[in-house]
Peer 1: 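I have a structure here, written as structure tokens, and I will follow up with some questions on it.
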Protein chains: 2
Amino acid sequence: MTIEDCPIRDVLAGLSGKWSVLILLALDERPHRFGELRRAVSDISQRMLTLTLRDLQRDGLITRTVHPTVPPSVEYGLTGLGRSLVLTLLPMIRWADANHAAIRGARRGFDAAAA
Amino acid sequence: MTIEDCPIRDVLAGLSGKWSVLILLALDERPHRFGELRRAVSDISQRMLTLTLRDLQRDGLITRTVHPTVPPSVEYGLTGLGRSLVLTLLPMIRWADANHAAIRGARRGFDAAAA
DNA sequence: CGGGATCCCGGTTGATACTG
DNA sequence: CAGTATCAACCGGGATCCCG
């Protein structure tokens with residue numbers, strides 16, 4: 001009865017970081033190289049980008065292709081599984097965009113009432 | 001240019017906890033009392049349930065109704081905003097359910113290859 | 001260029017005990 | 001029943017330096 005037995009919690013855990021969803025969205029547009037991703041998801045640290053990418057790859061959501069050039073070049077892209085996940089994420093993204101103002105308003109109201 | 005200016009990150013931050021989504025789903029079925037929620041989301045600590053509920057209420061996603069009985073009874077339910085959010089979440093939930101096995105398989109493959 | 005290794009801090013979480 | 005208070009542990013994440 002560990003955490004992995006609950007699909008929701010197990011899958012969500014991987015997306016719970018601050019960065020996974022942003023990275024998946026960037027890769028949904030087009031494949032990105034490491035440095036491109038770093039700029040696309042501005043203010044992610046090199047370390048967290050590396051770690052998050054490895055987790056996503058481990059879960060079979062993204063591909064990692066090394067081109068043995070000098071200097072090296074690594075391309076990341078979505079797998080079929082990853083693409084199908086992003087599709088289910090898009091409604092939530094749009095909701096976040098559309099209702100961000102309402103949430104911020106609710107927060108202000110709540111905080112004011114608490115004071 | 002703080003974090004709240006990005007709708008995705010701001011909204012996701014609230015759901016990134018381990019518990020928010022589970023609670024929202026439980027409340028989507030029907031309103032729950034505190035103790036019911038605690039059993040529904042088994043192995044959440046009392047403390048985290050309290051904290052998460054307050055955050056969700058602060059964001060305008062759930063309602064909190066106190067019935068001044070003895071002993072006290074508090075009912076939580078979804079707001080309209082909350083219900084609309086859950087609707088956008090459901091595709092992702094179903095995806096998690098359907099693809100949990102695939103993800104676990106990918107993980108095993110990745111870990112085996114790394115060894 | 002694309003990482004890995006290390007250090008370290010601070011917020012989040014859990015256990016436990018107490019309360020109206 | 002539905003919380004609040006306090007304390008300790010943990011771990012996500014940033015900074016920095018190094019490497020092929």
Side-chain angles (χ1 to χ4, degrees), chain A residues 1-4 6 9-10 12-23 26-27 31-59 62-77 110 113-114, chain B residues 1-4 6 9-10 12-23 26-27 31-59 62-77 110-111 113-115:
Chain A
M1 163 75 103
T2 48
I3 174 177
E4 304 125 16
C6 171
R9 291 179 56 178
D10 195 24
L12 255 61
L15 283 55
S16 281
K18 290 196 279 197
W19 311 111
S20 306
V21 174
L22 284 318
I23 292 177
L27 294 183
H32 280 66
R33 294 184 47 184
F34 187 87
E36 289 179 322
L37 271 177
R38 214 181 156 182
R39 266 166 272 121
V41 186
S42 78
D43 70 64
I44 187 176
S45 69
Q46 191 182 46
R47 169 191 158 82
M48 287 316 297
L49 182 53
T50 300
L51 291 180
T52 307
L53 285 172
R54 191 151 43 66
D55 278 351
L56 293 174
Q57 187 196 355
R58 183 171 112 96
D59 282 5
I62 67 175
T63 60
R64 178 177 186 273
T65 315
V66 181
H67 300 96
T69 57
V70 180
S73 153
V74 183
E75 259 212 349
Y76 294 90
F110 185 91
Chain B
M1 164 75 104
T2 47
I3 174 177
E4 305 126 16
C6 172
R9 293 179 55 177
D10 195 24
L12 256 61
L15 283 57
S16 283
K18 291 193 279 199
W19 311 111
S20 307
V21 174
L22 284 318
I23 292 177
L27 294 182
H32 281 65
R33 294 183 48 182
F34 188 88
E36 290 179 321
L37 271 177
R38 211 180 159 182
R39 265 166 273 123
V41 186
S42 77
D43 72 62
I44 186 175
S45 69
Q46 191 181 43
R47 169 193 159 80
M48 286 315 298
L49 182 54
T50 301
L51 291 181
T52 307
L53 285 172
R54 191 152 43 64
D55 278 352
L56 293 174
Q57 187 195 357
R58 183 170 112 97
D59 282 3
I62 68 175
T63 61
R64 178 178 187 272
T65 315
V66 180
H67 299 97
T69 58
V70 180
S73 153
V74 182
E75 259 213 349
Y76 294 90
F110 186 91
D111 294 346

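Lettering of chains follows the sequences in order, A, B, ..., and the numbering in each one begins at 1. No experiment lies behind these values; they were computed from the predicted model shown.
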Peer 1: Between atom CZ in A:R54 and atom P in C:dG2, what is the gap in whole Å?
Peer 2: 17 Å
Peer 1: Please identify each residue that fulfils salt bridge (charged side-chain N to carboxylate O under 4.0 Å, His left out) with B:E75, with sequence neighbours left out.
Peer 2: none
Peer 1: Quick one: what's the B/S/- string for nucleotides 7-20 of chain C, heavy-atom cutoff under 4.0 Å, read 5' to 3'?
Peer 2: ------BBB-B--B
Peer 1: Reckon B:Y76 has a side-chain N or O less than 4.0 Å from the OP1 or OP2 of D:dG3?
Peer 2: yes
Peer 1: Please round to the nearest 0.5 Å and tell me the distance separating atom CE of A:M48 and atom CG of A:L53.
Peer 2: 10.0 Å
Peer 1: Taking side chain as C-beta onward, heavy atoms only, is B:I23 less than 4.5 Å from B:T52?
Peer 2: yes
Peer 1: Can you name the residues that form a side chain to side chain donor-acceptor pair (under 3.5 Å) with B:R64, not counting sequence neighbours?
Peer 2: B:Y76
Peer 1: Go through the structure and list residues passing side chain to side chain contact (heavy atoms under 4.5 Å, CB included) with A:S16, not counting sequence neighbours.
Peer 2: none
Peer 1: Among residues at least two apart in sequence or on other chains, which ones pass side chain to side chain contact (heavy atoms under 4.5 Å, CB included) with A:Q46?
Peer 2: A:F34, A:R38
Peer 1: Rounded to the nearest angstrom, tell me the gap between atom CG in A:L49 and atom C1' in C:dG3.
Peer 2: 10 Å
Peer 1: Among residues 32-40 of chain B, which ones have heavy-atom contacts with DNA chain D below 4.0 Å?
Peer 2: B:R33, B:F34, B:G35
Peer 1: Going through the distances and angles, do A:T50 and A:R47 end up as a side-chain contact (heavy atoms from CB on, under 4.5 Å)?
Peer 2: CA-CA 5 Å; A:T50 300; A:R47 169 191 158 82; 5.9 Å; no
Peer 1: After noting the C-alpha distance and the side-chain angles of A:I44 and A:L22, does the key distance pass the side-chain contact (heavy atoms from CB on, under 4.5 Å) rule?
Peer 2: CA-CA 10 Å; A:I44 187 176; A:L22 284 318; over 6 Å; no
Peer 1: Distance check: side-chain N/O of B:R64 vs OP1/OP2 of D:dG3, anything under 4.0 Å?
Peer 2: yes
